[in-house]
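First the structure, in the form of structure tokens, and then the observations on it.
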Amino acid sequence: MEILAEGHGELVGWHDPDEHRAWVRENKSRDLKDKRMTIAEAVAQFVPDGAVIAMGGFGHIRVSMAGVYEMIRQRKRRLILLGKTGVHDADLLVGAGCVDRMEVAYDFGHELRGLSPASRRAVETGQCQVLAEISNAGHQWRFLAGMMGLPFMPARNMLGTDTLKYSSSKVVRDPFSGKPVCLIPACQPDVVFIHVPRCDMYGNAQIDGTVIEDFELARAARRLIVTTETIIPESEIRRKPWRTAIPFFVVDAVVEVPYGSHPCQMPLLYFFDEEHIAEWLRMSKTPEGAQEYFDKYVFGVEDFTTYLELVGGLRKLDYLKRVEELRAPMVAPWSKKKE
Amino acid sequence: MPVDYTPTELMATVASKLLEDGKSVFVGTGLPIIAAMLAQRTHAPRLLIIFEAGGIGPKVPILPVSVGESRTFHLGVAASSMHDVMSLSQQGYVDYGFLGAAMIDMYGNINTTVIGDHDHPTSRLPGSGGANDVGSFSWHTIIIMRQEKRRFVKKIDFLTTPGYLSGPGAREESGLAANTGPYRIITQLGLYGFDEATKRVKLLAIHPGVTVGQIQDNSEFEILMPEVVGTTAPPTVEERRILHEIDPLGVAIGK
């Protein structure tokens with residue numbers, strides 16, 4: 001096949017399809033097993049230093065913040081983050097020094113809230129390295145190819161741009177249409193965290209709202225840690241099997257963590273804790289401030305329950321539920337005055 | 001005549017009027033969402049709004065903080081996935097793609113990745129996100145941004161999202177979908193289109209109170225001039241009311 005153009009970004013998380021099949025055969029159990037454990041156990045068991053990781057959800061929506069905090073608490077290092085819409089998750093992991101290399105679709109920003117001081121500083125000072133650029137659909141299709149067990153996915157994005165030049169994709173002439181087409185390499189991340197509203201003890205999980213990239217990401221992951229608002233009986237899963245977004249055999253750990261996405265949004269359950277996110281955005285303007293934040297909210301608390309108490313407890317969580325249900329107005333303490 | 005609206009409000013109303021009833025629009029964070037929501041609440045109630053995380057056809061109740069949050073599928077026809085909406089876009093279902101930009105050149109190529117050298121950036125920006133996909137797949141791309149000499153530049157530091165690349169025919173040559181590309185640019189100074197023959201940025205209309213001189217003074221590259229320069233309509237009282245109902249905290253539209 002004629003190669004017309006080639007990105008020189010580093011190829012991250014790619015495996016030869018047969019090597020990956022062999023890995024799956026050996027390492028992913030098809031047996032129905034109770035996978036419940038604590039977040040501390042899950043991170044200790046499945047996240048080695050240097051791993052290629054991805055966070056499910058959408059950067060600050062349905063994110064396994066319990067997983068993020070635990071990786072910081074266990075001082076994981078040299079992680080490579082697949083920054084597929086990395087927002088609050090990526091900002092904390094980079095800001096805490098856990099992640100020092102990334103593939104970037106969207107990172108260093110908090111969408112409407114503006115840019116992210118901590119992770120931008122890390123990149124601008126060279127503490128964190130961008131290994132490759134990609135687009136959101138590009139990242140998504142890396143996981144699609146990954147879940148399909150294919151080496152790549154053809155697509156018609158990134159063509160003609162620097163995004164392609166800094167990606168790990170290649171452009172070839174399509175043997176059917178004769179037109180240039182972009183080949184996006186598959187990605188099977190070492191570890192993926194996905195937060196869900198409910199699942200059973202085996203890992204059969206349901207998702208409310210958009211699944212975003214998680215259908216593909218869950219299936220492409222080598223190790224998948226599912227954190228869940230609540231664990232439900234297997235019988236409830238089996239009563240509505242069409243509701244299962246993630247089947248048990250791709251799941252390696254099940255961790256029950258109510259409010260486990262805080263301060264990020266959990267669709268239909270609770271809204272962003274904008275006051276808390278604003279506190280992080282304010283404190284993280286300096287390295288000392290960021291450290292102070294981690295000392296207070298990660299290293300200074302015993303576990304996620306103590307953390308929830310510290311950020312405002314039931315009163316705050318009830319308020320966030322009302323904002324999510326459009327029964328109370330949101331606040332935006334980070335908002336700057338515009339003309 | 002006293003001016004009782006802000007440039008940001010004007011950009012939102014001008015953008016909103018570009019969106020047709022019964023068509024589809026793929027929107028990015030901030031002003032693009034506001035413009036689409038305004039269109040849906042005024043002249044285009046059947047505007048099909050699409051969000052990259054999988055929100056399809058919502059009646060967005062209030063300005064979302066994120067293009068992936070639950071307001072983006074509120075009363076929608078579907079809450080699906082990124083693979084679903086990106087695939088549909090690639091297949092040709094998206095009429096308008098709506099983006100912001102940090103830097104743009106005369107062919108409508110956009111930079112949202114980095115200021116300075118990629119590996120040693122002066123300023124690191126978020127990257128493509130869904131922008132490259134929207135700019136590749138939508139029939140018409142609309143860009144909304146602030147116009148300054150350092151943003152309307154001869155050479156962008158990084159080509160994140162394709163405009164007309166190096167000129168006529170370049171998109172097709174690179175393999176991008178035929179008959180797609182940037183359609184309009186809206187800034188605080190005016191409304192721009194693209195010249196049919198050269199694919200370069202061309203002024204269509206200035207905002208009330210803006211001079212043609214200001215248009216060129218705030219661009220490093222030469223802006224093509226039409227024979228007749230139009231003037232955009234200022235926001236009405238009713239449009240302004242709706243804008244602040246959409247964004248009551250004034251996060252994107254101003255206070």
Side-chain angles (χ1 to χ4, degrees), chain A residues 57-61 83 85 87 104-109 111-113 115 120 123-124 126 130 133-138 140-141 144 155-163 166 171 179-182 209-216 265 267-268 272 274 324 326 329-332 335 337-339, chain B residues 6-8 29-30 52-55 61-70 72-73 79-83 86 89-90 109 113 118-133 136-137 158-162 165 170-171 173-177 248-255:
Chain A
F58 198 73
H60 51 151
I61 291 113
T85 314
V87 186
V104 174
Y106 176 101
D107 289 283
F108 320 113
E111 293 199 67
L112 204 53
R113 302 182 197 102
L115 296 169
R120 286 184 85 201
V123 169
E124 289 166 7
V130 174
E133 303 283 338
I134 194 163
S135 71
N136 276 359
Q140 158 62 31
W141 289 333
L144 177 66
R156 304 187 76 194
N157 55 353
M158 300 199 282
L159 293 155
T161 64
D162 291 337
T163 307
Y166 283 81
V171 180
K179 294 174 180 177
V181 68
C182 182
T210 52
V211 296
I212 312 168
E213 307 184 37
D214 293 353
F215 185 92
E216 295 82 9
Q265 185 193 44
L268 313 187
F272 308 93
E274 294 296 350
E324 177 61 14
L326 297 167
M330 69 169 273
V331 294
S335 176
K337 193 168 162 24
K338 293 219 169 68
E339 56 187 311
Chain B
T6 67
T8 308
T29 306
E52 65 185 46
I62 193 162
L63 177 65
V65 174
S66 160
V67 288
E69 65 134 303
S70 52
T72 64
F73 54 83
S80 66
S81 68
M82 185 177 284
H83 173 45
M86 288 300 189
S89 305
Q90 187 167 243
N109 299 306
T113 301
H118 179 270
D119 295 338
H120 306 93
T122 314
S123 185
R124 176 67 214 202
L125 303 174
S128 162
N132 180 290
D133 312 313
S136 298
F137 301 151
F158 193 96
L159 201 169
T160 311
T161 298
L165 299 174
R171 280 179 73 94
E173 235 167 81
S174 75
L176 289 164
L249 295 172
V251 171
I253 202 69
K255 312 247 168 164

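These numbers come from the heavy atoms of this one structure, side chains and all, not from hydrogens, waters or symmetry mates. Given the structure is predicted, the values throughout are model-derived calculations rather than measurements.
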Review point. Looking at residues at least two apart in the chain, or sitting in another chain, which of them share a side chain to side chain contact (heavy atoms under 4.5 Å, CB included) with A:A332?
Key: A:M330, A:W334, A:S335, B:L249, B:V251
Check your understanding: Passes side-chain hydrogen bond (donor to acceptor under 3.5 Å, both in side chains), B:N132 versus A:N157? Steps please.
Key -> CA-CA 7 Å; B:N132 180 290; A:N157 55 353; 5.0 Å; no
Revision key, fill the gap. Residue set satisfying side-chain hydrogen bond (donor to acceptor under 3.5 Å, both in side chains) with A:Q140, at least two apart, ordered chain then number -> A:E216
Less than 4.5 Å to any heavy atom of chain B: does that hold for the side chain of [X], its backbone, both, or neither?
{"X": "A:V211", "answer": "both"}
{"X": "A:I212", "answer": "both"}
{"X": "A:L159", "answer": "both"}
{"X": "A:V87", "answer": "neither"}
{"X": "A:E274", "answer": "side chain"}

**Study point:** Donor-acceptor under 3.5 Å (A:E124 side chain, B:R124 main chain)
**Key:** yes
Check your understanding: Do side-chain atoms of A:E133 reach the backbone of B:S128 as a donor and acceptor pair under 3.5 angstrom?
Key -> no
Practice item. Against chain A, label B:S123 side chain, backbone, both or neither, depending on which of its atoms sit under 4.5 Å from a heavy atom there. Key: both
Exercise for review: Check each atom of B:P64 against the heavy atoms of chain A and say whether the ones under 4.5 Å are side chain, backbone, both or neither.
Suggested key: backbone
Point to revise | Pair A:Y166 and B:H118, ring centroids less than 6.0 Å apart | key: yes
